[in-house]
Amino acid sequence: MYLGAALGMLLLPTLVKFRGPQSVFLAEAALGASWSLLWFKYAIDPKSTASGVGELVLPINKKMDSHNKKVLSAKIPWVKILTSFPVWAIVVNNFTFHYALYVLMNWLPTYFELGLKLSLQDMGSSKMLPYLNMFLFSNIGGVVADYLITRRILSVTKTRKFLNTVGFLVASLALVVIPSFRTSGGAVFCSSVALGFLALGRAGFAVNHMDVAPRYAGIVMGVSNTAGTLAGIVGVDLTGKLLEAAKAANSDLSSPESWRTVFFIPGFLCIFSSFVFLLFSTGERIFD
């Protein structure tokens, strides 16, 4: 996912330069259609592979057929899910992660162009580094988490809290200081650190669905991803309004003051979310 974003940042500005903005939509449509063809050809029924795979990870009933029938017939415990503090800890962190991600993904190119007066075409491959960093750190987070848990260095709960806290607090610092750097190198470095450590934090909150509710992980993921989608709607729109107000006050968007609030809000949310996760999250199963 993040490797795709990195390649998009690298290739799409050049495509716009030579073929115009419409070419972006045509290219993405072609990619989507190609992926659909691959999906229909190679996608398989998960029932044929599910048996046995989950047993390696989760302590589930050995009688798979009777177990699956119980799962299908069981009522989803909506009240328990929606009133669970560990679930809300995941939801809050998912909201913050996607708020920061969507704000940077949608407005970072504008910051380069209007805030720093830089051309995306002239920045070369450096503009893809923030998203490439996400790709690297999301994998690093998974490897580190597995190492800490399987070697019994930390419990599942402590591992999730440790990686989530480190990821979000470092990202918060990087977000807040972005406007202080007035060069492309400084802005790319700070945004790379911010997105990289946010991705590291996914080894905390993003896989916590399977910890607390393995049977209802899809349901909990749906709830938390709804919050993440809402974050994108709120964050992108609010950022636009903040920049409109800043432009009306300063007549342009090249001053650091025009952008401080834009980056301060996700920075503050990262601090708030990390403390929520520290207080209320758990690595133990709470839904049977």
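Fair warning: this is a prediction, and the values are worked out from it, not measured in the lab.
- Note on Leu169: it does not cluster hydrophobically with Phe280, by side-chain heavy-atom contacts below 4.5 Å among ILVMFWY residues.
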**Message:** What verdict does the side-chain contact (heavy atoms from CB on, under 4.5 Å) test give for Ile81 and Ile219, after you've listed the backbone C-alpha separation in whole Å, the side-chain angles of each residue and the deciding distance to 0.1 Å?
**Reply:** CA-CA 9 Å; Ile81 289 173; Ile219 301 297; 3.9 Å; yes
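- One finds the CH2 atom of Trp88 at 10.5 Å from the OG atom of Ser84 (value rounded to the nearest 0.5 Å).
- Annotation: side chain of Leu11 is not in contact with side chain of Leu15 (no heavy-atom distance under 4.5 Å).
- The cationic group of Arg202 lies under 6.0 Å from the six-membered ring centre of Phe97 and within 45° of the ring axis, placing it in a cation-pi geometry.
- With values rounded to the nearest 0.5 angstrom, Phe264 atom CZ is found 11.5 Å from Leu175 atom CG.
- Note: Thr165 OG1 to Leu278 CG = 3.5 Å, rounded to the nearest 0.5 Å.
- Of the possible donor and acceptor atoms, one in the side chain of Asn106 sits under 3.5 Å from a partner among the backbone N and O of Tyr102.
- Of the possible polar contacts, one joining the Ser274 side chain to the Ile271 backbone as a donor-acceptor pair under 3.5 Å is found.
- Under the 6.0 Å cut-off for aromatic ring centres, Trp259 and Tyr111 qualify, their centroids lying closer than that.
- The two residues His98 and Gly228 make their nearest non-hydrogen contact at CB-O, 3.3 Å.
- By the 4.5 Å heavy-atom criterion applied to side chains, Phe263 and Val176 are not counted as neighbours.
- Residues Val16 and Pro21 share a closest heavy-atom pair of CG1-N, 4.1 Å.
- Aromatic rings from Phe135 and Tyr2 are positioned such that their centres are separated by 6.0 Å or more.
- Between Leu238 and Tyr99, some side-chain heavy-atom pair lies under the 4.5 Å cut-off.
- Nearest heavy-atom pair across Pro77 and Phe287 is CG-CD2, 4.3 Å.
- Annotation for Cys190 and Val177: closest pair SG-CG2, 3.7 Å, computed over non-hydrogen atoms.
- Remark: Leu114 CG to Trp107 CH2 distance equals 9.0 Å, nearest 0.5 Å.
- The main-chain N or O of Asp252 is never found under 3.5 Å from a side-chain atom of Lys247 such that the two would form a donor-acceptor pair.
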**Verdict with reasoning, Phe277 to Asn208, per side-chain contact (heavy atoms from CB on, under 4.5 Å)** = CA-CA 11 Å; Phe277 201 78; Asn208 199 218; 4.0 Å; yes
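- With hydrogens and angles ignored, the 3.5 Å screen pairs no side-chain donor or acceptor of Asn133 with any backbone N or O of Leu129.
- There is no path of hydrophobic side-chain contacts, each under 4.5 Å, that joins Phe275 to Phe85.
- When side chains are defined from C-beta on, Val212 counts as touching Ile90, because their heavy atoms get closer than 4.5 Å.
- Ser23 places a side-chain N or O within donor-acceptor distance of the main-chain N or O of Gly20, the cut-off being under 3.5 Å.
- Nearest heavy-atom pair, Leu108 versus Tyr131, reported as atom, atom and distance to 0.1 Å: CD2-OH, 4.4 Å.
- Proximity of Val166 to Phe197: side-chain heavy atoms (C-beta onward) are separated by under 4.5 Å at one or more points.
- Between the side chains of Ser258 and Ser255, at least one donor N or O lies within less than 3.5 Å of an accepting N or O.
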**Request:** Begin from the C-alpha positions of Lys80 and Ile286 and carry the test side-chain contact (heavy atoms from CB on, under 4.5 Å) through to its verdict.
**Result:** CA-CA 10 Å; Lys80 190 174 181 181; Ile286 58 176; 5.7 Å; no
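- Remark: the Ser224 side chain and the His209 side chain contain an N/O donor-acceptor pair separated by less than 3.5 Å.
- The CE atom of Met1 sits 7.0 Å away from atom CE of Met134, with the distance rounded to the nearest 0.5 Å.
- Taking a 6.0 Å sphere around CZ of Arg182, one finds it holds more than 12 heavy atoms contributed by other residues, nucleotides or ligands.
- One hydrophobic cluster, built from ILVMFWY side chains closer than 4.5 Å, cannot hold both Leu200 and Val207; they sit in different ones.
- Between the side chain of Asn164 and the backbone N or O of Phe205, at least one donor-acceptor pair lies under 3.5 Å.
- The CG atom of Leu37 sits 11.0 Å away from atom OH of Tyr42, with the distance rounded to the nearest 0.5 Å.
- Criterion: ILVMFWY side-chain heavy atoms under 4.5 Å apart, direct or through other members. Under it, Val276 and Val91 are not part of a common hydrophobic cluster.
- With a 4.5 Å cut-off on side-chain heavy atoms, Glu28 and Leu12 count as touching.
- For Phe272, the CZ atom sits in a loose shell: 12 or fewer heavy atoms of surrounding residues, nucleotides or ligands are nearer than 6.0 Å.
- Considering only heavy atoms from C-beta on, Phe162 comes within 4.5 Å of Leu148 through its side chain.
- Closest heavy-atom contact between Ala145 and Leu163: CB-CD1, 3.6 Å.
- Residue-environment remark: CD (Glu284) stays at or below the threshold of 12 foreign heavy atoms within 6.0 Å.
- Hydrophobic clustering of Ile, Leu, Val, Met, Phe, Trp and Tyr side chains at less than 4.5 Å, counting indirect connections, keeps Leu253 apart from Phe181.
- A 4.5 Å side-chain heavy-atom check between Leu101 and Leu198 finds every atom pair outside the cut-off.
- Looking at Asp211 and Arg160, a side-chain N of the basic residue comes within less than 4.0 Å of a carboxylate O on the acidic one, giving a salt bridge.
- With Ser191 contributing its side chain and Ala187 its backbone, the two residues share a donor-acceptor pair below 3.5 Å.
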**Pair Thr183-Leu116, side-chain contact (heavy atoms from CB on, under 4.5 Å): steps then yes or no** = CA-CA 7 Å; Thr183 63; Leu116 300 180; over 6 Å; no
